[in-house]
Amino acid sequence: MSPQVELLSCREAQELVPLFVDGELDAARMRAVALHGAQCALCDGEIRQLERLQLVLRDHIEQRLAGVASEDLWKRIESKLRKPPLPWWRRLHEAAAAWRWQPQVLWPAFAVFAIAALATALYLRTNAPVGTTGGTMVAGAEPPAWIDSLEADVGSVAVIDDLQNHTTVLWVSDELPLAGGNDR
Amino acid sequence: MKQLSVLVASTLCYLAGADSSVAQVGSRSPTVMLLEPVPAVEIRIGAVVASNSGHGFDPRLVALRQQFHSLFPYNSYQLVKEERKRVPWGGKANFDIPGGRYVIVVPREFRSGRIAMKVLVIEGARPIVDTSLALRNHGTLLVGGPRQSNGVLILSIGADTLD
């Protein structure tokens, strides 16, 4: 697997610099511009200048946004929101009142419902996905890395969360050598 | 592009009421001089060659011993490169790694105790990994699998906010 380096001229690199700074280039071109920048002071200066400009712009926009009074906006949105639904027990009570149910009927129905809810909760608890590392249960632990998107130009990719050691592994290969962990 | 930069920067400075310490527009040749951005994140990279030839465990990898032993079936782990770079949000940390590979890490923002970042691992012109993720602050991401010498390469990528 010999490395193939795309060499850019200054003109080509400078055309790509804005996209590079915005992170919108594909990986190969990203690398090509980065490599060109490492070897060309002029283009490197262009990249750094644009990056600084981008930061100043962002800071300025954030400052402006921080100054926007959002309280009135929220009040207007809130006024258009529907009233929150009543809790289930209130709805049940009101339904019972409407249907003129007698307590003798309501309480057994409630007991059946409570037993069903308890059984469901127990089932979910025993079957809930938990992180495991070498057989150790790490209930409720979050993955060290939340992966929003992943692309890989390889045969196979494995994402493994080692919750106990707070480590996420991306394994890119045609083989899976892993001994433990929680394979996603 | 430069003229556009000058125009945008001038407009911006006018809007922001910035003084000359933030931006100066030269009279002879139009150049924009902006302050160096303040680094916000430190990106750590370690390149480890794992193999079954020998039984050496590099003492510099002590912090990763438990992970390596519980996750990978190799006997030997050698740190071949270690580097740290401090970058601002949106800045790029570029690293050359063994085997003609290249890593670009771009920390985007800090949210919910995590550092949202883009990670590119490139081999030649081929992107081995191109991912966007949110890594727990001071957490570690391991990227492994590419063949290296008699074993495989495992990259440890970590990020720490500097606040």
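Heavy atoms only: backbone and side chains are in, while hydrogens, waters and symmetry mates are out.
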Side chain from CB out, backbone as N, CA, C, O: work out which of these in [X] comes under 4.5 Å of a heavy atom of chain A, or both, or neither.
X: B:L155; value: neither
X: B:I104; value: side chain
X: B:I122; value: side chain
X: B:L120; value: side chain

Would you say that [X] contacts [Y] through its side chain, given a criterion of any heavy-atom pair below 4.5 Å between the two side chains?
X: A:W146; Y: B:R136; value: no
X: B:L133; Y: A:D148; value: no
X: B:T140; Y: A:P144; value: no

Between the side chain of B:K92 and the main-chain N/O of A:A34, is any donor-acceptor distance below 3.5 Å?
-> no

Taking every heavy atom of A:L35 against every heavy atom of B:Y102, the minimum-distance pair comes out as CD2-CE1, 4.0 Å

Atom CG of B:N150 with >12 non-hydrogen neighbours under 6.0 angstrom =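 Incorrect, the count does not exceed 12.
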
Flag yes if more than 12 heavy atoms outside B:Q66 fall under 6.0 Å of its CD atom; otherwise flag no.
->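 Not buried by this count: 12 neighbours or fewer within 6.0 Å.
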
Would you say A:L19 and A:V21 are hydrophobically clustered, going by side-chain heavy atoms of ILVMFWY under 4.5 Å?
->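 Cluster IDs for A:L19 and A:V21 match.
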
In terms of heavy-atom pairs under 4.5 Å, which option from B:I128, B:N94, B:V106, B:I115 contacts chain A the most?
-> B:I128

Short N-O contact, B:D96 and A:R31, less than 4.0 angstrom =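 Answer for the salt bridge query: no.
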
Quick one: which of A:T167, A:D162, A:L170 gives a side-chain contact (heavy atoms from CB on, under 4.5 Å) with B:L142?
->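 In the set A:T167, A:D162, A:L170, the residue that makes a side-chain contact (heavy atoms from CB on, under 4.5 Å) with B:L142 is A:T167.
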
Take the angle between the ring planes of B:F72 and A:W171 and call it parallel below 30°, perpendicular above 60°, tilted in between.
->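 Taking A:W171 first and then B:F72, their aromatic rings sit tilted (interplane angle of 30° to 60°).
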
